[in-house]
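Naming convention: chains lettered A, B, ... in sequence-line order (proteins, then strands); numbering from 1 in each chain.
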2 protein chains.
Amino acid sequence: MDSQLFMKIEPHSMENEILYRMREAIVSGKIEPGAHLNETDIAKQMAVSRIPVRESLRKLEQEGLIVRLPNKGCFVITFSEQDINEVFSLRASLESMAYQWAIPKMGTQDVQKLKDLIEQQEQAIRNEDYDELARLDMHFHEYICIKANHSRLLKAWYEQHAQCQMLLNLRFRHLAEYTPETVPIDHHRILKAIENNDPQIAIDLTYEISERVSKDCNETLKSIQAARTAAQ
Amino acid sequence: MDSQLFMKIEPHSMENEILYRMREAIVSGKIEPGAHLNETDIAKQMAVSRIPVRESLRKLEQEGLIVRLPNKGCFVITFSEQDINEVFSLRASLESMAYQWAIPKMGTQDVQKLKDLIEQQEQAIRNEDYDELARLDMHFHEYICIKANHSRLLKAWYEQHAQCQMLLNLRFRHLAEYTPETVPIDHHRILKAIENNDPQIAIDLTYEISERVSKDCNETLKSIQAARTAAQ
DNA sequence: TAGTTGTATACTGTATACAGTATACAAAAA
DNA sequence: TTTTTGTATACTGTATACAGTATACAACTA
């Protein structure tokens, strides 16, 4: 075989499939926070044995999306005010580090790529496609974290990010006033800091944005709790 | 039962036992970096089935102590220069955050506790008990990270710390000039910053120390590699 | 001899089966 | 009626068994 005819086949374990589906269901909110995840049920639904389900649950536990209680099973994480503050503050701290590592390495094609992402975000807002907006929002930050070229930083960021996504989805479903325009506006400001090769401004912005979103999520949490106690 | 007669029994799964033992063996260097971890062998040695061993290996993978290759198994992590830089830089970044969160909360009894740890370190050096010194070194930083009262930060720190310990053990076994005195000296300087309620100085010190230790470990790595190529 | 293919072996990945534990609820006793 | 105890049930934790895959090496072919 002297030329590359076929694409590489990725080792495709069931576990990755299971993991991916469950993570999606939890992050998107299809499974409610606090819900009990029954291994046998999940295994039956997906037509696999409990073992790969268990192993996926382990990974989700490490990612912080579920909590495991010995001999009781797995439960989707519920966020307290402290949890929300933790998630966003740690994410902000990790992104700050990412800016310090990434900005010196960034060239014009990186700036262009980020510019494109912002434009796509504006388009998504015009289309009222907020799922797409959330994805593009994520890609903007992800791009910078990848550019930092720091695998451990990236891994830690992904873990916090999954929980952020979960909270942002929760906010989107429950908060009346949703202001999608803030996403590209914030990103424009960050991009400017990148173009000026000034990590410190990007870092200050990150903490500012983080603070704001954290506040938003806390309000959402309170309104959900208020609605729940009112219903009872 | 009107009074507390018996201590609570912690749910004691085999897995925790297995996890603890394997982690210790890897961090301490009893198992060489790069070594293949055979599930069946380990299960046999510990007289358990492969399942709890597998689950422990998953956790070690998430902690970054081992690498899993699909259908090939688990291998103890080997550190490249990039890995070493990553581990120490991320740890420094996390500790910086810990200082910002912890220092405002610290009182005289915290300072006293840290002072005691430093004294114990000096005693350990006099006793030439370097295992104990490593433990006390760890406790100093751990105390601050716990005081930050940020569970996600603490979790991320523990993950980096396990790899740091592994590298420091490697250095201890291979590096000729070992200067244990630096540990309490550095800690004295950090403690002073804490007493002065000045996180920024503590942060600057952390990066300085991190840089130094990182350099040391990289040198160790090179000397090990040089010894290996010479042997071949 | 060099390169390819077949085959054995040993390992991981998954399925099934059973043991251990938590929980809810009914029955019994105070 | 309230508290305690027994019991059933359903779940997780673990063991065993087997299927799928990677690797090494022998046999074969050009």
Side-chain angles (χ1 to χ4, degrees), chain A residues 1-23 25-26 31-32 34-63 65-77, chain B residues 1-23 25-26 31-32 34-63 65-77:
Chain A
M1 192 166 69
D2 38 14
S3 77
Q4 179 93 14
L5 262 169
F6 298 107
M7 298 243 308
K8 188 177 164 189
I9 296 178
E10 292 299 324
H12 171 76
S13 62
M14 326 204 82
E15 195 199 308
N16 280 328
E17 178 80 18
I18 297 168
L19 182 60
Y20 180 84
R21 289 205 216 170
M22 294 188 60
R23 192 192 284 126
I26 293 170
I31 309 177
E32 290 272 303
H36 181 214
L37 299 169
N38 184 317
E39 290 180 4
T40 314
D41 277 2
I42 296 167
K44 259 185 201 159
Q45 284 180 38
M46 297 198 188
V48 292
S49 85
R50 273 174 54 216
I51 300 290
V53 174
R54 273 178 76 83
E55 312 221 318
S56 297
L57 288 171
R58 311 288 318 211
K59 203 146 190 178
L60 290 172
E61 184 199 11
Q62 271 304 109
E63 288 178 13
L65 293 181
I66 65 174
V67 175
R68 273 169 48 104
L69 301 178
N71 292 314
K72 287 187 186 163
C74 299
F75 300 84
V76 177
I77 188 178
Chain B
M1 193 166 69
D2 38 15
S3 77
Q4 180 93 15
L5 262 170
F6 297 107
M7 298 247 306
K8 189 175 164 190
I9 296 178
E10 292 298 325
H12 170 76
S13 61
M14 325 203 84
E15 195 199 309
N16 281 328
E17 178 79 18
I18 297 168
L19 182 60
Y20 180 83
R21 288 205 218 170
M22 292 187 62
R23 192 193 284 126
I26 293 169
I31 309 177
E32 288 273 301
H36 181 215
L37 299 169
N38 184 317
E39 290 180 3
T40 313
D41 278 2
I42 295 167
K44 258 185 202 159
Q45 285 180 38
M46 297 199 188
V48 292
S49 84
R50 272 175 55 214
I51 299 290
V53 174
R54 274 178 75 83
E55 312 220 319
S56 298
L57 289 170
R58 309 291 313 218
K59 202 144 191 181
L60 291 171
E61 184 199 11
Q62 270 305 106
E63 289 179 13
L65 292 181
I66 65 174
V67 175
R68 271 170 48 104
L69 301 177
N71 293 313
K72 287 188 187 164
C74 300
F75 301 84
V76 177
I77 189 179

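Across every non-hydrogen atom of A/V76 and A/I66, the tightest pair is CA-CG2, 4.2 Å. In plain terms, the two heavy atoms of A/L65 and A/R23 that are nearest each other are CD1-CG, 3.6 Å. Among all heavy-atom pairs drawn from A/M22 and A/L60, the shortest one is CB-CD1, 3.8 Å. The shortest heavy-atom contact between B/V53 and B/I18 is N-CD1, 4.2 Å.
Annotation: the span from B/L19 atom CG to B/E63 atom CD amounts to 6.0 Å, rounded to 0.5 Å. Put simply, CG on B/L37 and OG on B/S56 are 11.5 Å apart, with the number rounded to the nearest 0.5 Å.
Not counting sequence neighbours, the partners of B/R50 by the side-chain contact (heavy atoms from CB on, under 4.5 Å) test are B/E39, B/T40, B/A43, B/R54. Remark: B/Q62 pairs with no residue by the side chain to side chain donor-acceptor pair (under 3.5 Å) rule, at least two apart or across chains. Under the rule for a ring-ring contact (aromatic ring centres under 6.0 Å, His included), the partners of B/F75 that lie at least two apart in sequence or sit in another chain are B/H36.
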Using a cutoff of under 3.5 Å, can you pull out all pairs of nitrogen or oxygen atoms linking the protein to nucleotides 15-17 of chain D, with atom names and distances?
{"from": "D/dA15", "atom 1": "OP2", "to": "B/S49", "atom 2": "N", "distance (Å)": "2.6"}
{"from": "D/dA15", "atom 1": "OP2", "to": "B/S49", "atom 2": "OG", "distance (Å)": "2.7"}

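Between the C1' atom of D/dT12 and the CG atom of A/N71 lies a distance of 6 Å, rounded to the nearest Å. In this entry the distance linking CZ of A/R58 with C1' of C/dT14 reads 17 Å, nearest Å. When rounded to the nearest whole Å, the span between CZ of B/F75 and P of C/dT12 equals 8 Å. In this structure, A/N16 places its CG atom 14 Å from C1' of C/dT12, rounding to the nearest Å. Taking atom CD of B/E17 as the reference point, atom C1' of D/dG13 lies 16 Å away to the nearest angstrom. The separation between B/K72 atom NZ and C/dT12 atom P is 13 Å, rounded to whole Å. Whole-Å rounding puts the B/R68 CZ to C/dG13 C1' distance at 9 Å. Remark: P of C/dG13 and CD of B/E55 are 13 Å apart, rounded to the nearest angstrom.
The existence of a salt bridge linking A/R21 and A/E17 is confirmed by a sub-4.0 Å separation between a basic side-chain nitrogen and an acidic carboxylate oxygen.
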Exercise for the section: For the pair A/I51 and B/I51, evaluate side-chain contact (heavy atoms from CB on, under 4.5 Å) and give the outcome as yes or no after the intermediate values. Expected result: CA-CA 9 Å; A/I51 300 290; B/I51 299 290; 3.8 Å; yes

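OP1 or OP2 of D/dG13 lies within a sub-4.0 Å distance of a side-chain N or O belonging to A/R54.
In the helix from C/dT1-D/dA30 to C/dA30-D/dT1, the end axes, each obtained as the rotation axis mapping the C1' atoms of four pairs onto the next four within a five-pair block, lie 0° apart to the nearest 10 degrees.
For DNA chain C, the neighbouring residues in residues 34-41 of chain B, judged by any heavy atom under 4.0 Å, are B/H36, B/L37, B/N38, B/E39, B/T40.
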